[in-house]
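Read through the structure below, which is laid out as structure tokens, and then see the notes.
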Amino acid sequence: LSPLTANFSKRSGEDVDIILTRLREVKAFQRFPPPLLLQICACAFYECLEKGITLFRQGDIGTSWYAVLSGSLDVKVSETANHQDAVTICTLGIGTAFGESILDNTPRHATIVSRETSELLRIEQREFKSLWEKYRQSLAGLLAPPYGAMESGSNNDKKLQRAGKVLRNAILSRAPHMIRDRKYHLKTYRQCCVGTELVDWLVLQSACVLTRSHAVGMWQALLEEGVLNHVDQELGFQDKYLFYRFLDDEEEDTPLPSEEEKRESEDELPETILFLAQIGPDALLRMILRKSPGQRTGDDLEIIYDELLHIKALAHLSNTVKRELASVVIFESHAKAGTVLFNQGEEGTSWYIIQKGSVNVVIYGKGVVCTLHEGDDFGKLALVTDSPRAASIEDFNRILRDVEANTVRLKEHEQAVLVLEKSPRASTLGSIKYTVISGTPEKILEHFLETMRMDIHHNPAVDDFVLMHCVFMPNSQLCPLLMAQYPSCLYSLSLSQERLEYALNSKRRALILTLRWANAHTYLLQEEPAAISFLEELYGSLSNDSRMLRALKDLAPDLEKIVKSQRFLHVIEQKTLIRQFSNGEERLQKKQPIRNQDDILLKVYCSDHTYTTIRIAVASTGREVINSVADKLGTTDELVLVHLSSAGEKHILRPNDVSVFSTLSINGRLFACPRDQLNSLTSLPDQEGPSAGSMSTFELMSSKDLAYQMTMFDWELFSCVHEHELLYHTFGRQSFRRTTANLDLFLRRFNQVQLWVVTEVCLCGQLSKRVQLLKKFIKIAAHCREFKNLNSFFAIIMGMSNPAVSRLSQTWEKLPTKFKKFYAEFESMMDPSRNHRSYRLTVTKLEPPIIPFMPLLLKDMTFTHEGNKTFIDSMVNFEKMRIIANTIRQVRHCRSQAFNPDVCQPNKNQSEVRGYVRKLCVIDNQRALTQLSYRLEPRRT
């Protein structure tokens with residue numbers, strides 16, 4: 001976003017393009033005409049607010065208009081002159097705009113405070129007034145009245161009517177028997193189709209129709225528009241033997257489509273299905289929400305629950321409350337602009353979350369304070385406080401009461417130490433099953449050991465603990481507690497049978513948990529001598545016990561295997577030396593996991609472009625790197641460690657940053673210099689990347705071979721990522737003093753493939769060759785999807801949608817229609833709406849091995865982490881641990897089957913292809929890529 005911070009008089013065409021790309025990611029700006037967007041790019045500024053910053057106060061005279069690019073801000077209103085009395089009335093989310101009072105110089109109606117780190121677009125008063133005069137109609141949809149206008153009906157109406165015609169014509173062309181007169185209970189229904197047949201047909205037409213319920217949503221979208229109708233006018237489409245009729249068949253003697261109309265429909269069908277596939281999930285959700293709670297099926301509740309999981313306004317609620325909300329939340333539609341939902345001072349009866357459209361917040365005497373958009377919520381405060389509009393609401397309070405009634409709190413010295421919740425599903429024995437909600441680390445461990453079923457091999461709750469304990473209970477604390485749970489030898493004849501059985505069961509449980517713990521940590525245990533000592537001690541005790549106690553003998557081989565493997569690792573252990581920027585044969589060797597104790601040869605540059613090479617541990621901190629550099633250079637100057645990108649952007653690394661080498665950008669380099677030399681730092685010539693493309697090399701390689709070798713390399717990188725690295729990344733590796741180098745390299749590969757696509761296109765001067773390049777990349781992406789390599793698949797498609805490539809209109813115009821359709825289908829899988837539902841549904845249909853789109857999994861974990869506290873009332877929030885563990889299990893599922901190298905029969909030049917895909921050279925400077933793009937196809941005037 002650096003172009004937005006520059007003085008707008010100095011902004012180049014490339015700067016404007018970079019800003020434009022960012023604005024188009026925000027839904028609210030997508031409706032603006034291109035000339036307005038370009039003017040906003042030319043005059044807007046960027047502001048980043050940390051959490052808790054007051055942007056302006058109620059009563060101030062404004063100087064700027066703002067739009068939210070990321071994060072959220074609270075709107076606070078005070079009835080008195082004292083700002084301390086201000087009450088939060090709503091929260092502004094992404095795409096919300098505010099501050100239009102500058103149009104007539106009236107005081108600010110409310111105080112705006114950042115709820116979290118937030119990015120804003122700011123336009124100063126003079127420029128905003130000028131935009132308002134020119135583009136009043138376009139801006140009105142984003143502004144609050146009296147300046148703004150309420151949103152009108154959807155612009156999808158005409159597209160839906162056309163979609164109905166295309167589907168009807170396609171059915172009459174491909175399966176004319178589906179539309180015919182039908183008899184049922186002695187009554188004839190003219191020219192209609194059957195619900196199940198319509199679903200069957202649609203699922204077979206395209207891979208972008210992911211499930212039967214997805215197809216139901218697509219037909220429901222047509223039903224809502226009246227393009228398709230149930231013969232008895234029912235409002236919900238059902239995958240059943242029910243009769244539906246297209247609008248064109250409502251009139252008698254409707255002529256059949258001509259051959260030309262059929263051909264047109266055949267051409268439009270892929271695009272029509274793609275359009276319906278994108279709006280289908282929304283229509284399905286609306287249909288389910290319109291049902292009364294008693295009519296909702298288990299599948300319906302799962303769909304609503306999945307939607308609620310990703311709504312930020314609900315992130316703080318437990319999953320139990322969300323599941324309960326799924327059964328009571330309802331759909332409310334207000335087609336007429338200006339409808340009042342409730343008045344100030346009324347008792348609260350509902351909590352609203354906006355799915356589509358916008359809502360104005362009006363305060364008596366102050367007018368419209370702000371306009372809320374999709375994803376924003378309001379009314380919640382009134383439900384849970386005693387303020388006016390805050391009477392009890394039946395469903396919301398019943399859920400809170402029910403959850404509380406099913407909650408058990410265990411206390412010690414009047415202090416809660418464990419909070420359990422009765423599970424709605426009883427265990428197989430019919431007894432009540434409890435779920436851990438929160439507790440002290442010791443009590444959570446004690447509970448799992450006491451309740452562990454030893455006849456069940458897989459216990460998700462215990463698995464959650466084993467995966468997540470490092471967040472709240474390090475191994476140094478866990479190992480002694482596990483050893484204490486393994487009672488000392490009890491061979492005394494005076495022991496009763498009951499006590500002996502109890503002791504045996506305690507030992508077995510401690511052993512089972514230890515085995516799961518050791519299998520989850522694998523080679524990471526080598527980094528903790530205390531963990532190895534614990535395993536040796538436990539193995540010694542078990543060896544003694546198993547001679548006397550037969551009941552423990554079956555576990556001895558498993559523990560022996562783990563102890564021996566750890567001993568073996570210790571004996572052969574040697575520090576692996578990693579070279580930071582190796583272009584030689586090292587890259588061709590099979591990747592091995594990078595461990596904390598491994599060493600790296602790190603090049604650190606000085607301001608004069610000379611460099612020193614230091615050998616340090618992978619997990620070294622920024623401070624340790626600086627000290628090592630200072631020793632090597634023999635300087636006493638106070639140095640700072642800087643990540644310098646190829647674009648010349650400088651990022652000063654903090655002293656406690658861990659494993660600094662793995663977070664560098666593709667062509668980024670590390671510099672060390674005194675602080676007063678910071679401004680004189682310049683990029684190295686080799687950071688610029690290649691000056692010529694490599695198309696002449698890889699155009700001769702088969703697309704399938706390239707995709708196969710990319711998949712082999714991605715699988716190696718993905719296999720090296722330890723599950724705990726996902727936790728270190730989410731919770732902050734500084735607090736664990738652990739490296740995430742393997743995860744960083746896997747994410748770096750995604751960026752590298754994406755930039756490879758952009759670099760090759762932008763370095764290709766010949767139009768016909770560029771068209772061939774686009775075709776080649778679409779083919780490689782198709783094969784990556786075939787090999788279930790979603791990492792490279794998405795990287796290639798995102799590379800093709802980079803502004804430096806997507807703006808090349810002459811190149812795209814020459815691309816054959818067939819390839820345009822493939823690309824549109826692939827792009828639809830990247831659709832972020834409904835929390836990337838399209839991608840998620842695609843993954844559920846795949847069997848492992850799968851190479852997932854890792855950035856989305858990390859986004860899910862970060863969303864959970866930031867929306868939920870780790871500790872509540874000094875107890876671990878285990879509900880949060882459970883949700884994050886579920887995401888990690890998705891990674892585990894993807895790797896649950898080994899990758900079969902025989903999925904592709906390699907050609908003779910496999911070693912050449914392998915060498916090429918592992919040494920991709922790219923330009924990682926977006927501005928440089930955009931400039932190259934303009935040289936290829938200058939801006940059209």
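Glu725 places a side-chain N or O within 3.5 Å of a backbone atom of His722 that can act as its donor or acceptor partner. Within the 3.5 Å criterion, the main-chain N or O of Cys762 finds no donor-acceptor partner in the side chain of Arg935. At least one donor-acceptor pair closer than 3.5 Å links the side chain of Glu624 to the backbone N or O of Thr621. Glu760 places a side-chain N or O within 3.5 Å of a backbone atom of Ser694 that can act as its donor or acceptor partner. At least one donor-acceptor pair under 3.5 Å links the side chain of Glu116 to the backbone N or O of Ser72. Judged by distance alone, the side chain of Asn667 and the main-chain N or O of Val922 form a donor-acceptor pair under 3.5 Å. Judged by distance alone, with hydrogens and angles left aside, the side-chain atoms of Arg623 form no donor-acceptor pair with the main-chain N or O of Asn656 at under 3.5 Å. At least one donor-acceptor pair under 3.5 Å links the side chain of Thr111 to the backbone N or O of Gln58. A donor-acceptor contact shorter than 3.5 Å is absent between the side chain of Ser659 and the backbone of Thr739. Side-chain atoms of Thr96 never come within 3.5 Å of backbone atoms of Val68 as a donor-acceptor pair (strictly under, hydrogens ignored).
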**Prompt:** Can Thr864 and Lys880 be said to form a side chain to side chain donor-acceptor pair (under 3.5 Å), step by step?
**Reply:** CA-CA 7 Å; Thr864 304; Lys880 172 178 176 173; over 6 Å; no
**Item:** Residue pair Asp924, Ser645: steps toward the side-chain contact (heavy atoms from CB on, under 4.5 Å) verdict
**Value:** CA-CA 9 Å; Asp924 70 346; Ser645 75; 5.9 Å; no
**Steps toward side-chain contact (heavy atoms from CB on, under 4.5 Å) verdict (His724, Arg738)** = CA-CA 9 Å; His724 281 182; Arg738 288 283 187 274; over 6 Å; no
**Asked** For Thr930 and Tyr934, what are the C-alpha separation, side-chain angles and deciding distance, and is it a side-chain contact (heavy atoms from CB on, under 4.5 Å)?
**Response** CA-CA 6 Å; Thr930 307; Tyr934 273 102; 3.6 Å; yes
**Prompt:** Going through the distances and angles, do Lys603 and Leu670 end up as a side-chain contact (heavy atoms from CB on, under 4.5 Å)?
**Reply:** CA-CA 7 Å; Lys603 277 186 182 177; Leu670 277 179; over 6 Å; no
**Message:** Run the side chain to side chain donor-acceptor pair (under 3.5 Å) test on Glu50 and Ser114 for me, step by step, so that the C-alpha distance in whole Å, both residues' side-chain angles and the decisive distance to 0.1 Å come before the verdict.
**Reply:** CA-CA 7 Å; Glu50 291 185 1; Ser114 53; over 6 Å; no
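Between Thr870 and Met881 there is a side-chain heavy-atom pair separated by less than 4.5 Å. Val761 places none of its side-chain heavy atoms less than 4.5 Å from the side chain of Asn802. Leu743 is listed as a side-chain neighbour of Leu858, based on a closest heavy-atom distance under 4.5 Å. Ile123 is not listed as a side-chain neighbour of Ser64, based on a closest heavy-atom distance of 4.5 Å or more. Within the 4.5 Å cutoff, no side-chain heavy atoms of Glu124 are placed close to those of Thr63. Using a 4.5 Å heavy-atom threshold, the side chains of Arg749 and Asp714 count as touching. Side-chain contact between Asn596 and Phe736 is absent, with no heavy atoms from C-beta onward closer than 4.5 Å. Annotation: side chain of Arg733 is in contact with side chain of Thr663 (closest heavy-atom distance under 4.5 Å).
Salt bridge Lys51/Glu866: absent, no basic N to carboxylate O contact under 4.0 Å. Ion pairing of Asp60 with Arg57 is absent here, as no side-chain N (NZ or NE/NH1/NH2) approaches a carboxylate O to less than 4.0 Å. Salt bridge status for Asp74 with Arg115: present, with a side-chain N to carboxylate O gap under 4.0 Å.
Because its NZ or CZ atom is not both nearer than 6.0 Å to the ring centre of Phe128 and within 45° of the ring axis, Arg122 does not count as a cation-pi partner of that residue.
Less than 6.0 angstrom separates the ring centroid of His521 from the ring centroid of His469.
Gln526 CD to Arg595 CZ: the interatomic distance, rounded to the nearest 0.5 Å, is 8.0 Å. With rounding to the nearest 0.5 angstrom, the OH atom of Tyr46 is 3.5 Å from the CD atom of Glu119. Rounding to the nearest 0.5 angstrom, the gap separating the CG atom in Asn877 from the CD1 atom in Ile883 is 8.0 Å. Once rounded to the nearest 0.5 Å, the distance linking CD1 of Ile888 with OG1 of Thr730 reads 7.0 Å. Atom CZ in Phe661 sits 4.5 Å away from atom CD1 in Ile594 (nearest 0.5 Å). Taken to the nearest 0.5 Å, the CD1 atom of Ile626 stands 8.5 Å off from the CG atom of Leu653.
Within a 6.0 Å sphere centred on NZ of Lys650, other residues, nucleotides and ligands contribute more than 12 heavy atoms. No more than 12 heavy-atom neighbours from other residues, nucleotides or ligands sit within 6.0 angstrom of OH on Tyr611. Residue Arg675 qualifies as open at atom CZ: its count of foreign heavy atoms under 6.0 Å is 12 or below. Few gaps surround CG on Asp686; more than 12 heavy atoms of other groups in view lie less than 6.0 Å from it. Within a 6.0 Å sphere centred on NZ of Lys869, heavy atoms belonging to other residues, nucleotides or ligands number 12 at most.
Smallest separation of non-hydrogen atoms from Ile616 and Ser628: CG2-OG, 3.9 Å. Taking all atoms of both residues into account, the shortest heavy-atom contact from Arg807 to Pro803 is CG-O, 2.9 Å. The two atoms that bring His609 and Ser683 nearest to each other are CE1-O, 3.3 Å, heavy atoms only. Closest approach of Leu717 to Phe746, counting heavy atoms only: CB-CD1, 3.9 Å. Smallest separation of non-hydrogen atoms from Gly799 and Val757: C-CG1, 3.9 Å. Minimum interatomic distance between Leu727 and Cys470 (heavy atoms only, all atoms of both residues): CD1-SG, 3.6 Å.
In this pair, His651 and His643 present their aromatic rings perpendicular. The plane angle is above 60°, beyond the 30 to 60° band. Ring-plane geometry between Phe56 and Tyr66 is classed as tilted, the angle between the planes lying from 30 to 60 degrees on a 0 to 90 degree scale.
Between the side chains of Thr887 and Asp860, no donor-acceptor pair is found at a separation under 3.5 Å. A donor-acceptor contact closer than 3.5 angstrom is absent between the side chains of Ser646 and Asn925.
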